[in-house]
*Asks:* 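Structure in structure tokens, see below.
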Amino acid sequence: MPRLGYAQRWAAAAGRWGCGLLALLLLVPGPGGASEITFELPDNAKQCFYEDIAQGTKCTLEFQVITGGHYDVDCRLEDPDGKVLYKEMKKQYDSFTFTASKNGTYKFCFSNEFSTFTHKTVYFDFQVGEDPPLFPSENRVSALTQMESACVSIHEALKSVIDYQTHFRLREAQGRSRAEDLNTRVAYWSVGEALILLVVSIGQVFLLKSFFSDKRTTTTRVGS
Amino acid sequence: MAGVGLGPLRTMGRQALLLLALCATGARGLYFHIGETEKRCFIEEIPDETMVIGNYRTQMWDKQKEVFLPSTPGLGMHVEVKDPDGKVVLSRQYGSEGRFTFTSHTPGDHQICLHSNSTRMALFAGGKLRVHLDIQVGEHANNYPEIAAKDKLTELQLRARQLLDQVEQIQKEQDYQRYREERFRLTSESTNQRVLWWSIAQTVILILTGIWQMRHLKSFFEAKKLV
């Protein structure tokens, strides 16, 4: 093996350090983010989502069923080793916070397998770590000025306002979908029932007539 | 000698670049699996004049190596976005990695559908596709470092801009809520009207059919000389 020159050895060492550092960066809980998704879950179906999470990251999973049947779904959250962290059957809405105990792929699944013909619309919000900071060099040690910390607290308050608005919108969507269902059902049912009523009453009369129109009529008054 | 020395260096350099690429393209996003011709749809209920940015990245399952390939050229995803009235807002084919943007002009449920129509997939029976997806709506879609650089804003100005964007989003959502509440109220009033008219109509039909039945049967029995 020919001896590597000084420059090559230095470059090789730097390359190893670089790889090590990058690997370390991937492991250190860095800026995360949130994924908010609304999707349709067909009947007898199960849909799973995965995310790679670093150790020590605080995560929150929140879900809500918007339309469909009894507005419930099964939810299950597993860690990279397959251990079940959260499992609930037929829940309408829930929120679960956990801290990732190990690095790897976390999996959460929504199941509608207990339902035979209703498909459901499910909303979930998976928050991993903190939101990415506004400035790339946010990790500075110097304290924020009063204006800046006021801005930060207003920002957090507005985030929670937007969050409440989202939940309100989802509940209102539930109520509105029920009201629209009711409206269509009343329309179809009233027309259907009027028809049935007419058919049954006319049918009754003809049926009764048919009882009396057989050949041997026992009670015939004989005219004098 | 220089050539042999650089060999291991090159592989390490490639590995470092791969790690960097994984980091840069956000390998830590949410992902899910879809089948070859399967279509996945997502719903975004948004107020009007809201921008939505979606980023996705696909990886194909390699049956021999039992691993997901890092990136597959030639893999295509078709993205279709429909507005609440069912009209198609966006319908485009992107590569294996793509970014789609649209702005809503009607408030309501927009449907974003993704499906793969790559011909290469047809060769792998039962092939799976891993799709990394990230959808950002409204204020979250803004890229603040870019805005700061473009408009040359100080830190405080940038923070104020972020707060303004957030408040604007809240205002839009409130307007949308007012529109939804109006629709809800119209639906409820329509149901109320229908129930009222239906109950009156039912009673009238019932009485009329009862009268008709009795008259018809009476004349029938009289004709039969039973009464």
Side-chain angles (χ1 to χ4, degrees), chain A residues 2 4-5 8 11-12 15-16 18-19 22-23 25-26 35-40 47-53 121 126 128 134-136 147-148 151 154-155 158-159 161-162 165 168-169 172-173 175-176 179-180 182-183 186-187 190 193-194 197-198 201 204-205 208-209 212 217 219-221, chain B residues 1-2 4-6 8-9 12-13 15-16 19-20 22-23 27-33 40-45 133-135 137 144-145 155-156 158-160 162-163 166-167 169-170 173 177 180-181 183-184 187-188 190-191 194-195 198 201-202 205-206 209 213 216-217 220 224-226:
Chain A
L4 293 169
Q8 282 101 327
R16 271 198 295 272
C19 277
L22 276 169
L25 277 177
L26 282 177
S35 308
E36 245 185 1
I37 287 188
T38 312
F39 65 98
E40 234 187 55
Q47 274 187 20
C48 294
F49 295 88
Y50 309 80
E51 180 137 9
D52 296 327
I53 304 177
T121 312
F126 193 50
V128 175
L134 202 55
F135 307 99
M147 283 290 282
E148 283 171 356
C151 281
I154 295 176
H155 175 65
L158 289 180
K159 265 208 303 205
V161 169
I162 293 177
Q165 271 190 329
F168 180 76
R169 170 168 53 85
E172 188 267 345
R176 189 161 33 91
E180 283 171 1
L182 186 64
N183 197 16
V186 164
S190 56
E193 193 168 324
L197 205 63
L198 284 172
S201 48
Q204 269 180 337
V205 167
L208 209 58
K209 278 165 76 167
F212 288 96
T217 17
T219 52
T220 25
R221 275 190 220 159
Chain B
M1 187 162 94
V4 178
L6 284 173
L9 198 63
M12 261 191 290
Q15 281 173 345
L19 274 172
L20 189 63
L22 277 175
C23 224
R28 277 182 286 172
L30 190 76
Y31 62 85
F32 54 90
H33 297 143
R40 273 296 171 92
C41 291
F42 300 96
I43 299 166
E44 285 297 332
E45 196 178 348
L133 184 66
D134 179 40
I135 301 178
V137 174
Y144 287 103
E155 205 174 289
L156 206 57
L158 190 67
R159 281 192 194 276
Q162 189 188 37
L163 293 177
Q166 271 189 310
V167 170
Q169 191 181 349
I170 291 174
E173 185 81 30
Q177 199 235 309
R180 284 193 322 262
E181 189 269 341
R183 263 182 57 190
F184 191 169
T187 308
S188 301
S190 151
T191 307
R194 282 183 190 177
V195 167
W198 168 65
Q202 280 275 300
I205 288 176
L206 211 59
T209 46
Q213 272 185 330
H216 192 83
L217 284 175
F220 172 69
K224 286 276 180 186
K225 302 201 177 65
L226 291 169

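Per chain, numbering begins at 1; letters A, B, ... match sequence-line order.
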*Asks:* Would you mind telling me which of A:L198, A:I154, A:T121 has the largest number of heavy-atom pairs within less than 4.5 Å of chain B?
*Replies:*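 Greatest number of close heavy-atom pairs with chain B: A:I154.
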*Asks:* With side-chain contact (heavy atoms from CB on, under 4.5 Å) as the criterion, how do A:Q165 and B:Q169 come out once you've worked through the C-alpha distance, each side chain's angles and the decisive distance to 0.1 Å?
*Replies:* CA-CA 11 Å; A:Q165 271 190 329; B:Q169 191 181 349; over 6 Å; no
*Asks:* Can you say whether the rings of A:Y50 and B:Y31 are parallel (under 30°), tilted (30 to 60°) or perpendicular (over 60°)?
*Replies:*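 The arrangement is parallel - the two ring planes meet at less than 30°.
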*Asks:* Given that the side chain runs from C-beta out, which part of A:S35 has a heavy atom under 4.5 Å from chain B: side chain, backbone, both or neither?
*Replies:*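 For A:S35, the contact with chain B is made by the side chain alone.
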*Asks:* Taking the side chain as every heavy atom from C-beta outward, state whether B:E45 and A:T38 have any atom pair closer than 4.5 Å.
*Replies:*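 Side chain of B:E45 against side chain of A:T38, heavy atoms only: no contact under 4.5 Å found.
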*Asks:* What's the shortest heavy-atom distance between B:I205 and A:A194, and which atoms?
*Replies:*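 Looks like CD1-CB, 3.9 Å.
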*Asks:* Side chain from CB out, backbone as N, CA, C, O: work out which of these in B:Q162 comes under 4.5 Å of a heavy atom of chain A, or both, or neither.
*Replies:*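 Interface part for B:Q162: side chain.
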*Asks:* Output the option from B:A201, B:S190, B:S188 having the highest count of non-hydrogen pairs under 4.5 Å with chain A.
*Replies:*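 Between B:A201, B:S190, B:S188, the count favours B:S190.
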*Asks:* Against chain A, label B:Q166 side chain, backbone, both or neither, depending on which of its atoms sit under 4.5 Å from a heavy atom there.
*Replies:*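 Both backbone and side chain.
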*Asks:* With a 4.0 Å cut-off, would you call A:R169 and A:E36 a salt bridge?
*Replies:*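 No, this pair does not count.
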*Asks:* Between B:F184 and chain A, with a heavy-atom cut-off of 4.5 Å, which part of the residue counts as in contact: side chain, backbone, both or neither?
*Replies:*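 Contact with chain A is through both the backbone and side chain of B:F184.
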*Asks:* Do A:I162 and B:I170 have side chains that approach each other closer than 4.5 Å (heavy atoms only, starting at C-beta)?
*Replies:*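 Sidechains of B:I170 and A:I162: in contact.
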*Asks:* Taking every heavy-atom pair that is under 4.5 Å apart, which of A:K159, A:Q47, A:E40 has the most such pairs with chain B?
*Replies:*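 Counting heavy-atom pairs under 4.5 Å, the top option is A:Q47.
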*Asks:* Of the listed residues (B:Y144, B:F42, B:W198), which shares the most heavy-atom pairs with chain A below a 4.5 Å separation?
*Replies:*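 Highest number of heavy-atom pairs under 4.5 Å: B:W198.
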*Asks:* For residues A:F39 and B:F32, establish whether the separation of their ring centroids is below 6.0 Å.
*Replies:*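 Not close enough - the centres of the two rings lie 6.0 Å or further apart.
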*Asks:* Where on B:E181 is there a heavy atom nearer than 4.5 Å to chain A: the side chain, the backbone, both, or neither?
*Replies:*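 The backbone, not the side chain.
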*Asks:* Using non-hydrogen atoms and a 4.5 Å limit, figure out which bit of B:E173 sits close to chain A: side chain, backbone, both or neither.
*Replies:*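 Answer is both: backbone and side chain atoms of B:E173 are under 4.5 Å from chain A.
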*Asks:* Between B:H33, B:H216, B:R180, who has the most heavy-atom pairs with chain A when the cutoff is under 4.5 Å?
*Replies:*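 Looking at each option in turn, the highest pair count goes to B:R180.
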*Asks:* Name the region of A:C48, side chain, backbone, both or neither, that has any atom closer than 4.5 Å to a heavy atom of chain B.
*Replies:*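 A:C48 touches chain B through backbone heavy atoms alone.
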*Asks:* Can you say whether A:L197 sits under 4.5 Å from chain B via the side chain, the backbone, both, or neither, judging by heavy atoms?
*Replies:*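 Just its side chain gets close to chain B.
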*Asks:* Are A:M147 and B:R159 side-chain neighbours, meaning at least one heavy-atom pair lies under 4.5 Å?
*Replies:*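 A:M147 vs B:R159: side chains apart.
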*Asks:* Determine whether a donor-acceptor pair (N or O, by modelled atom type, separation under 3.5 Å) exists between the side chain of B:Q213 and the backbone of A:S201.
*Replies:*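 Confirmed, B:Q213 side chain pairs with A:S201 backbone.
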